[in-house]
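All values reported here derive from a predicted model rather than from experimental measurement. Residue numbering restarts at 1 for every chain, and letters A, B, ... go by the order of the sequence lines.
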Protein chains: 2
Amino acid sequence: MKTGKHPRQISARAPTLDDVARTAGLSSMTVSRALNTPQLVRPATVAKVMAAVTATGYIPNALAGGLASSRSRLIALVVPQINNPMFVDTIQALNDALAQRGYTLLLCVTGYSETAEADTVATILSRRPDGIVLTGIHHTQTLKRVIMQAAVPVVEIWDMTPTPLDMLVGFSHEKAGNCLGHFLAQKGYSRPALIWTDDRRGRQRKQGVIASFHQHGITISAESSVPLPASLQLGREALAALLDSGTSCDVIVCSSDTLAQGAIMEAQARQLSVPQQLAVSGFGDLAFAAWNQPAITTVHIDRAAIGHRAATLLADSIAGLTIAEPIIDIGFTMVERDSA
Amino acid sequence: MKTGKHPRQISARAPTLDDVARTAGLSSMTVSRALNTPQLVRPATVAKVMAAVTATGYIPNALAGGLASSRSRLIALVVPQINNPMFVDTIQALNDALAQRGYTLLLCVTGYSETAEADTVATILSRRPDGIVLTGIHHTQTLKRVIMQAAVPVVEIWDMTPTPLDMLVGFSHEKAGNCLGHFLAQKGYSRPALIWTDDRRGRQRKQGVIASFHQHGITISAESSVPLPASLQLGREALAALLDSGTSCDVIVCSSDTLAQGAIMEAQARQLSVPQQLAVSGFGDLAFAAWNQPAITTVHIDRAAIGHRAATLLADSIAGLTIAEPIIDIGFTMVERDSA
DNA sequence: TTGTAAGCGTTATCAC
DNA sequence: GTGATAACGCTTACAA
């Protein structure tokens, strides 16, 4: 009747539930039950169904199933970018936890622009996901309205606010910045310079850093703003520019470990010993931070935990459970190593 | 009639095509056409439809659309892991190119095990994707059979074979290894040691390296096998073990830039100058390779091109175009820098 | 425990 | 150019 659209293949239409039912000598409803709720079907019948499934090579059509049940078992993940070492561990953990519960991830990359995010949402919602994971807490009004209207469980991640759209897993970037600033000030650094990416969460951390230094009567000596994505190259170049412009500083506070690694490398290339002549701090505690030479003093974020807990929250919410704590602060940990 | 399953929301069912049709005073079929093929509908009618869409807040149901049209506009991506700096750029490029054409990525992570891949495939196919991207060319028989049966366009990526399932974008790892080996041998290195991850494509590259050294009458001095995922730590530790065991070598050939960076760092920690006392080579040309100190001699792979071309192949194939070149070798480039 | 009937929200097809 | 009708393949709800 219908032939595959793919030229390389001559195949009849895929077997349906009815085909399985026919070969099993049962009704399609019984087959459906045997597949989805076998405990409601006599074992012998289940066995017959399984045999028929194998015989026909049946693969359920989730499009039809989702339409009928209005449960798609799809979770939409909205991230600014995937090639970001920070997010990628969260995504992996999220995916693993979700896959285990039978959900599949729909990947939606917005590229750090809010308008694109709003656009994306229509695309996402058209897929009728059972849940949505949104990176960050700043969204356009349209997005908020449309999402709330859709009545889909939502988890915002990687940030903190008392008023999330629905649920939230993250931490306060301002507090993390604060913690880092205090730590460095208390270690005696008094002429800090910043190498920073200008994204929203980065800016919050920066405010935290600056505020805490101020509390110690310290002002920022200089600041270098670098574009996203952060890289070793940008870290090196930023420090080079800072040093060449004659900035006097004793610690370089970087908005990420990657920038810190670059800054350290540039310092070493200039025969500056780290941390003796110039200290450097990072953020994120990426895998290399502990093994860099010198090991990078940084702020540890449990990136996988964000993904894992977001998955749990979402799955529970979809299951209709009451979420006792819809706001989860996973916090952060100051990690003192050798670079500062 | 039906209430949202999400407790926080009291919302009626989402507006359907019929709702839009009713408010616009048209048939649902006309609304569908106005949305999908506006050129077949009178402009005035299209305008009426658009107004009704806005008024109702209509968002199409892709589940229903996909079921009816048997086009899901979903592309399934199967990768061993996302938190791999090699794949992640490919994924990003693939996603971007696909999103532009109206496709959404379904993310399926298999974790380097072939059996898991076979399992995953049922999950994937149940979603009725319009196309599938498979990482690698080694799959279980079941997977091959099931996929071919599904008559879905498939692109295998990141490898090379004259007999792909369907289409292919990648390069020969063996040749890449060969090229690297020749390069190093010709530079005069004669006592190579290997630091290598034991994945399938890595093994192929290793064979290439070993074979080309052999052609120059050189045998591998020593080899350290490290688990996945590669990391700076593993690179350091592997070199440390190699050196501590008294291995005599003049170049460390690493299966990835990440390992190379670690090896370089360990060498420097031991006051060994790179490349004078010990040379190190990597693979992949990750962003940091060019800016490392010393810059890493490596093999460049255009990772984004793999994703981009895979997307084009898939989209064309879905569109019913005849694919002139279903096998695309994107090749590789030897990049001589300072570390070897 | 199994079966029947009626949707789910779209699009294909054919008629007007 | 627009509309009526019948799928698409499954699940819900109810009957047996």
Rounded to whole Å, please give me the gap between [atom1] in [X] and [atom2] in [N].
| X | N | atom1 | atom2 | value |
| --- | --- | --- | --- | --- |
| B:L40 | C:dC16 | CG | P | 20 Å |
| A:L35 | D:dG9 | CG | P | 16 Å |
| A:R127 | C:dG9 | CZ | P | 17 Å |
| B:L67 | C:dT10 | CG | P | 12 Å |
| B:N36 | C:dG9 | CG | P | 17 Å |
| A:R22 | C:dG3 | CZ | C1' | 16 Å |

- Establish, with yes or no, whether the OP1 or OP2 oxygen of C:dT11 is under 4.0 angstrom from a side-chain nitrogen or oxygen of B:R73.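 No, no such contact exists.
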- Item | Phosphate contact (C:dA12 OP1 or OP2) by B:R71 side-chain N/O below 4.0 Å |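 Yes, such a contact exists.
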- Query: Which residues within residues 41-64 of chain B lie with some heavy atom under 4.0 Å of an atom in DNA chain C?
  - Reply: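 Residues of residues 41-64 of chain B under 4.0 Å from DNA chain C: B:Y58, B:P60, B:N61, B:A64.
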- Message: The criterion is side-chain contact (heavy atoms from CB on, under 4.5 Å); which residues satisfy it with A:N61, sequence neighbours excluded?
- Response: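 Only A:L63, A:A64, B:L67, B:R128 meet the side-chain contact (heavy atoms from CB on, under 4.5 Å) criterion with A:N61.
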- Item | Sequence-distant partners of B:A93, side-chain contact (heavy atoms from CB on, under 4.5 Å), two or more places apart |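 If we apply the side-chain contact (heavy atoms from CB on, under 4.5 Å) test to B:A93, skipping adjacent residues, the hits are B:A304.
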Contacts of [X] that satisfy salt bridge (charged side-chain N to carboxylate O under 4.0 Å, His left out) - sequence neighbours left out:
| X | answer |
| --- | --- |
| B:R42 | none |
| A:D89 | A:R303 |
| A:R145 | none |
| B:R127 | none |

- Contact list for DNA chain D against residues 23-31 of chain B - heavy-atom distance below 4.0 Å: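 B:L26, B:S27, B:M29, B:T30 - these, ordered by number, are the residues of the stretch whose heavy atoms sit under 4.0 Å from the strand.
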- Side chain to side chain, A:N95 and A:L77, heavy atoms closer than 4.5 Å: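 Side-chain contact under 4.5 Å: no.
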- Kindly indicate whether the side chain of B:D166, heavy atoms from C-beta on, has any atom under 4.5 Å from the side chain of B:P326.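 Counting from C-beta outward, B:D166 and B:P326 never come under 4.5 Å.
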- Task: Kindly calculate the angle separating the two end axes of the helix from C:dT1-D:dA16 to C:dC16-D:dG1, each obtained from five base pairs, and round it to 10 degrees.
- Result: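 Inter-axis angle at the ends, rounded: 30°.
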- Could you list all the ring-ring contact (aromatic ring centres under 6.0 Å, His included) pairs where at least one residue sits in residues 33-81 of chain A, not counting sequence neighbours?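 Every candidate ring-ring contact (aromatic ring centres under 6.0 Å, His included) pair involving residues 33-81 of chain A fails, so no pair, neighbours aside, qualifies.
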- Message: Taking atom types as they are modelled, would you say the side chain of B:R128 forms a donor-acceptor pair with the base of D:dG9 within the 3.5 Å cutoff?
- Response: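 Absent.
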- Item | Pair of N/O donor and acceptor under 3.5 Å linking C:dG9 base with B:R13 side chain |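 By the distance-only test, no, there is no pair.
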- Item | side-chain hydrogen bond (donor to acceptor under 3.5 Å, both in side chains) involving B:S32 - partner list, sequence neighbours excluded |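 In terms of side-chain hydrogen bond (donor to acceptor under 3.5 Å, both in side chains), with neighbours along the sequence ignored, B:S32 is linked to B:N36.
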- Item | Listed partners of A:T322 passing side-chain hydrogen bond (donor to acceptor under 3.5 Å, both in side chains), at least two apart |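 Applying side-chain hydrogen bond (donor to acceptor under 3.5 Å, both in side chains) to A:T322 gives none.
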- Message: Side chain of B:R33 only, heavy atoms from C-beta on: which candidate in D:dG9, D:dC8, D:dG3 is closest?
- Response: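 The closest nucleotide is D:dG3.
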